[in-house]
Amino acid sequence: MKQSTSPPGDPLSVSRRSFLKNLGTTAAAGAVSAAEGIAQESARAGAEAVQGPDAVPITLRVNGETRPLTLEPRVTLLDALRDHAGLTGAKEVCDRGTCGACTVLLDGEPVYACMMLAIQAQGREITTVEGLARNGNLTALQEAFVDKDASMCGYCTPGFVMSLTALLRRNPHPTPADIHHACAGNLCRCGTQPRIVQAALQASGVEVLSRTEVISYAHLA
Amino acid sequence: MPTWPEKRSVLGRRVRRADGPLKVTGAAKYTSDVQPAGCLYGMILRSKWPAARVTEIDLSEAARSPGIKAAILVRDGERRVRYYGEELAAVAGTTKQACLDALRKIAVRAQRLPFVVKETDGIKPDAPRVWEEAPNLSKPQVTERGQVEQAFAEADVVVEGTYSTQIEIHHCLESHGNAAVWNGDELTVWSSTQGVFSVREGLAGNLGVDQSKVRVISEFMGGGFGSKFGPGVEGAIVARLAKEANAPVKLMLSRFEESLAVGNRPSSIQKVRLGATRAGKLVAYELDSYGTAGVGSGAATEGGGGGAEFPAPYIYAIPNTRVQHRGVALNAGAARAFRAPGHPQASFGIESILDELAVKLGLDPVELRLLNDPSEIRQREYRLGRDRFGWREKYRSPGSSPGPVKVGVGCAGATWGGGGGGTRAQAQINPDGSVEIRCGTQDLGTGTRTVMAMVAAEVFGLPPEAIRARLGDTAYPPSGGSGGSTTAASVSPAVYDACEKALTELKQRTGLEDVRGENWKPACRKLGLEPLVVSGQWQKGLSSSGVGGVQFAEVEVDIETGLVRVRKITCVQDCGLIVSRLTCESQVNGGIIMGIGYALYEDRVMDAGTGVVLNPNLETYKLPGIADIPEIDVVLVDMPERGVIGIGEPVTIPTASAIANAVANALGVRISSLPITPDKVLAALGQVKEVTA
Ligand code: FES
Ligand code: FES
């Protein structure tokens, strides 16, 4: 059985995304060559990429460490991280790309770990929420989450933290609209959203004051 | 009777959540994250039929499937299933994939039976019976006060309407689930629960073992909202699987299963009649309501309504009332407690018709409430909230907002209990000065750990970070389930009592007068080798119950798309002595946001033709997203003399009513059923024909 330990760029590691990207560029050249492009691409992928159904050895790069794992090719990146690599920070809530609780960074880009197979993530640099704090020092965003109380039950928190970490790296001074956009794919049931926006703003250096007030009953006429 | 200190240096402050750092780094371990050595995965096979007689379930092939270590029937012998998603069998295997494969190999023989999944169909006399021995519609519960008919006859104005609320699903982000490990005849269970002790009792009873042999742990849990008190069928299953497989088993439900079988808020269809004097004083009220708690309703079930009943006429004092509640059984998953059970439904019906009355009388809705709300607290809250919200400037007569995006405002009030009781706690003071507080309560994300640490810090004169609060374990002193907004009011007095006693004992043992603050460490060193362990319990005088709150909503409605957007919510809420201000504020935000979901998005949709839930996932069952959140302005009314009162539930009650009233004010026409979706708005405006699913 062929094992997928090839470097990125190898046709073997063709992902759905790069496949579609290639399709896009070839399609621009005309319908006939597009069809040929698809045929060639799938022939190349098909000839070498048949794996499983039994477990295969794979290697993931997670939080700067190399993790050799043995798992069935149908195992998602999320299950690989949680069940096989012991990294349970990313959570499973919907298992179908709706809630964002499973968000991790793949070469710095936020992705839903439940929506890709672990074998597709080989050769990429994966960052999970466990990989952000260094020597117990929280990142500015994590600090701001604690300061502003942006987590309640905390189950959605790792996902929001990852989406916003990616945002702040790309755009250190986001507007509330940018923050909304970055978290459009994250759900929270406890209702932390207002404080998540505040935390992201604080992490970008904007001072945010809570408007909540306490008034004594005696002062209520 | 003990009292809280007059001068408080920690209580009421904004203190960082004790477990915040663990949550933002992924270090917090939830039940779903627990993985005992050799742990197997469990999965449940569920009924594909809304109603059927199951004659045979063949597990033999599944049991032989690769990686499968146990396969069990949920119940032996012939049986009925009464909803799509009812548990039939379960497997445990070495991987999730092995379990999925095995479930496909289970052969079920069943005879389909007729079913009914809509309230309006279920009440018909010839509807298929959900419980064969009794009708779907329960006997009415009727309460009557005063001379209702006479009062209506004498009333200057009478308004009538029918208001309905949907089935809402809890959708806690961590699903229901447990991990079970047997050690001989002793069982340890990690459970995503609101009550470690209630899960222990449930499991012990179910399995026929002593409670002393079952330990339940719930260090972190990802939300409950009322749906996670007992072990559930899935809890009993995982314990049985672990026994059968002779290995630890973890069984977490999928989002799909969450949509079918682990609770919901019952629906309501409320026919309301309200009579008043010309000045707006309410004189007569009549309610005829029915709703469904799924298979939990119906004449065959205990109580009949199954939770579909609610307080009426809610917070208003009306001299003449007749109230009738019924529950209708349907082939759908049973209801469970849901954040302020009954109250959002109650609020929606009465607050809607009150605004209808205000329109008819040409009265300001706030004035109408001030005239009829007997609560002095809410009276004051309305007056403060009105100014803060800018009600007088914003309120205009219904439908008079110009342009295609109409703006409107609305308000509503609520009440809740939230008292405490029945909790023990233990304080351990170590010779190095470190402090551990133990209590068998749980933290649902509400901040219980933080509350425990702050109370202890107040007593000992220490910073809250110096206190280690331990909870979520039946090995700790017992406390009740976290429901009814009772946790803070139960736990704070117990911790306070334990710490006060520990302080006294520390003084005695060390012979020192002042051991607090700076003197703490030197005093503790005098303990020598033996830590101080002191127990305490909930005491009267440190908590109370009964809160009032009011909310104001400002919305905009696009009459071309039918889309409603909430611009602002102002909330004025009383909550006794504020213990942890930061987490308390978060609770308020959370309640309001859940109320927005109830008002505008959430609805379990059943298919009458197939009996299945049509939206068993989070892309079709809509929760509020981050861009849907309005400006939220919160005022907490401090009443420290009343002691601690819970806050989690009251704040979710009036939100949807206030929003619905604001939509009606914007449009000049009322959407009388929740959620207020664009199709209903367009239908109400006559833009499209009404469609019924
Ligand atoms: S679990 Fe991946 S998006 Fe929900
Ligand atoms: S904090 Fe509980 S789901 Fe977001």
Side-chain angles (χ1 to χ4, degrees), chain A residues 71-72 74-75 79 82-83 86-96 98-99 101 128-130 132-133 138 141-142 145-147 149-158 161 179-181 183-184 186-197 210-217 220-221, chain B residues 12 16-17 19-21 23-30 32-33 35 95-97 171-174 220-223 225 254-255 377 380-381 383-384 444-446 574 578 581-583 585-586 588-594 617-619 623-627 629 632-639:
Chain A
L71 37 81
E72 291 180 27
R74 59 176 165 167
V75 171
D79 281 350
R82 288 179 54 80
D83 298 346
L87 292 167
T88 55
K91 301 289 186 250
E92 179 185 310
V93 169
C94 70
D95 202 22
R96 54 192 284 157
T98 313
C99 74
T128 71
V129 72
E130 290 96 334
L132 297 181
L138 305 187
L141 178 69
Q142 288 172 317
F145 259 65
V146 182
D147 270 353
D149 204 36
S151 68
M152 292 176 72
C153 83
Y155 211 70
C156 67
T157 308
V161 167
I179 295 164
H180 288 171
H181 187 72
C183 297
N186 293 84
L187 292 173
C188 171
R189 187 50 154 164
C190 295
T192 57
Q193 294 93 337
R195 294 191 147 173
I196 285 173
V197 176
S210 173
R211 297 203 37 212
T212 303
E213 250 189 83
V214 174
I215 295 182
S216 110
Y217 182 65
L220 278 191
Chain B
R16 290 179 20 139
R17 189 176 288 261
D19 47 20
K23 286 176 174 168
V24 299
T25 53
K29 290 282 178 207
Y30 298 76
S32 59
D33 301 332
Q35 217 158 2
T95 61
K96 285 181 188 166
Q97 290 72 25
H171 275 311
C172 331
L173 287 202
E174 183 182 34
F220 290 93
M221 65 88 74
F225 311 111
S254 66
R255 190 54 40 190
I377 293 180
R380 294 192 192 188
E381 289 171 342
R383 287 196 285 267
L384 174 84
L444 278 49
T446 50
D574 116 56
I578 299 166
R581 180 163 165 195
L582 194 61
T583 57
E585 293 164 352
S586 288
V588 178
N589 284 342
I592 291 168
I593 291 167
M594 198 170 249
N617 52 58
L618 294 176
E619 62 269 18
L623 301 180
I626 196 164
I629 311 301
I632 298 176
D633 181 26
V634 176
V635 181
L636 298 172
V637 179
D638 194 26
M639 300 174 82

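Fair warning: this is a prediction, and the values are worked out from it, not measured in the lab. Protein chains get the first letters and strands the later ones, always in sequence-line order, with residue 1 at the start of each.
Of all non-hydrogen atoms in B/Ile593 and A/Gly191, the two that sit nearest each other are CD1-O, 3.5 Å. The two residues B/Gly223 and A/Cys153 make their nearest non-hydrogen contact at N-CB, 3.7 Å. For the residue pair B/Thr25 and A/Ala133, the shortest heavy atom distance occurs at CG2-CB, 4.3 Å. Annotation for B/Arg581 and A/Thr212: closest pair NH2-O, 3.0 Å, computed over non-hydrogen atoms. Shown here for B/Leu618 and A/Cys99, the closest heavy-atom pair between the two residues is CD1-CB, 4.4 Å.
Each of B/Glu585, B/Lys29, B/Met594 has some count of heavy-atom pairs under 4.5 Å with chain A, and the biggest count is that of B/Glu585. The candidate with the highest count of non-hydrogen atom pairs below 4.5 Å against chain B, out of A/Thr128, A/Leu87, A/Thr157, is A/Thr157. Comparing B/Gln97, B/Gln35, B/Met221 by heavy-atom pairs within less than 4.5 Å of chain A, the highest count is held by B/Gln97. Residue with the most contacts toward chain A among B/Gly625, B/Ser32, B/Ala28: B/Ser32 (heavy-atom pairs, distance under 4.5 Å). Top candidate by heavy-atom pairs under 4.5 Å with chain B, chosen from A/Val161, A/Leu187, A/Asn186, is A/Leu187. Of the listed residues (A/Gly89, A/Ala90, A/Cys188, A/Ser151), the greatest number of heavy-atom pairs within a distance under 4.5 Å of chain B belongs to A/Ser151. Interface summary for chain A: among B/Ile592, B/Val588, B/Ile377, the most heavy-atom pairs under 4.5 angstrom belong to B/Ile377.
With rounding to the nearest 0.5 Å, the separation of CE in B/Met639 from OG in A/Ser216 is 9.0 Å. Note that the SG atom of A/Cys190 and the CG atom of B/Leu173 stand 7.0 Å from one another [nearest 0.5 Å]. Here CD1 of B/Ile626 is found 4.5 Å from SG of A/Cys183. Values are rounded to the nearest 0.5 Å. Between atom OG1 of residue A/Thr88 and atom CG of residue B/Asp33 there is a gap of 3.5 Å, rounded to the nearest 0.5 Å. Between atom OG1 of residue B/Thr95 and atom CG of residue A/Asp83 there is a gap of 9.0 Å, rounded to the nearest 0.5 Å.
In this structure, no portion of A/Leu141 lies under 4.5 Å from any heavy atom of chain B. Residue A/Gln142 touches chain B through both its backbone and its side chain, counting heavy-atom pairs closer than 4.5 Å. Contact annotation for B/Tyr30: only side-chain heavy atoms (C-beta onward) come within less than 4.5 Å of a heavy atom of chain A. Both the backbone and the side chain of B/Thr583 come within contact range of chain A, with heavy atoms under 4.5 Å apart. Looking at A/Ile215, the atoms closer than 4.5 Å to chain B (heavy atoms on both sides) sit in the backbone and in the side chain alike.
Scanning for side-chain contact (heavy atoms from CB on, under 4.5 Å) contacts around B/Arg16 gives A/Glu143, A/Val146, A/Asp147, with sequence neighbours left out.
A donor-acceptor pair under 3.5 Å is formed between the side chain of B/Lys23 and the backbone N or O of A/Met152. Checked by atom type and distance alone, the side chain of A/Glu213 never pairs as donor or acceptor with a backbone atom of B/Val635 at under 3.5 Å. B/Arg255 contributes a side-chain N or O that, together with a main-chain N or O of A/Val93, makes up a donor-acceptor pair within less than 3.5 Å.
Inter-residue side-chain proximity for B/Asp574 and A/Tyr217 is flagged as unmet; no heavy-atom pair is nearer than 4.5 Å.
Using a 4.0 Å cut-off between charged nitrogen and carboxylate oxygen, A/Arg189 and B/Glu174 do not count as a salt-bridge pair.
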Exercise. Check the pair A/Arg195 / B/Asn589 against side chain to side chain contact (heavy atoms under 4.5 Å, CB included), numbers first and verdict last.
Key: CA-CA 9 Å; A/Arg195 294 191 147 173; B/Asn589 284 342; 4.0 Å; yes
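Inspection of the A/Asp149 and B/Ser586 side chains reveals an N or O donor paired with an N or O acceptor under 3.5 Å.
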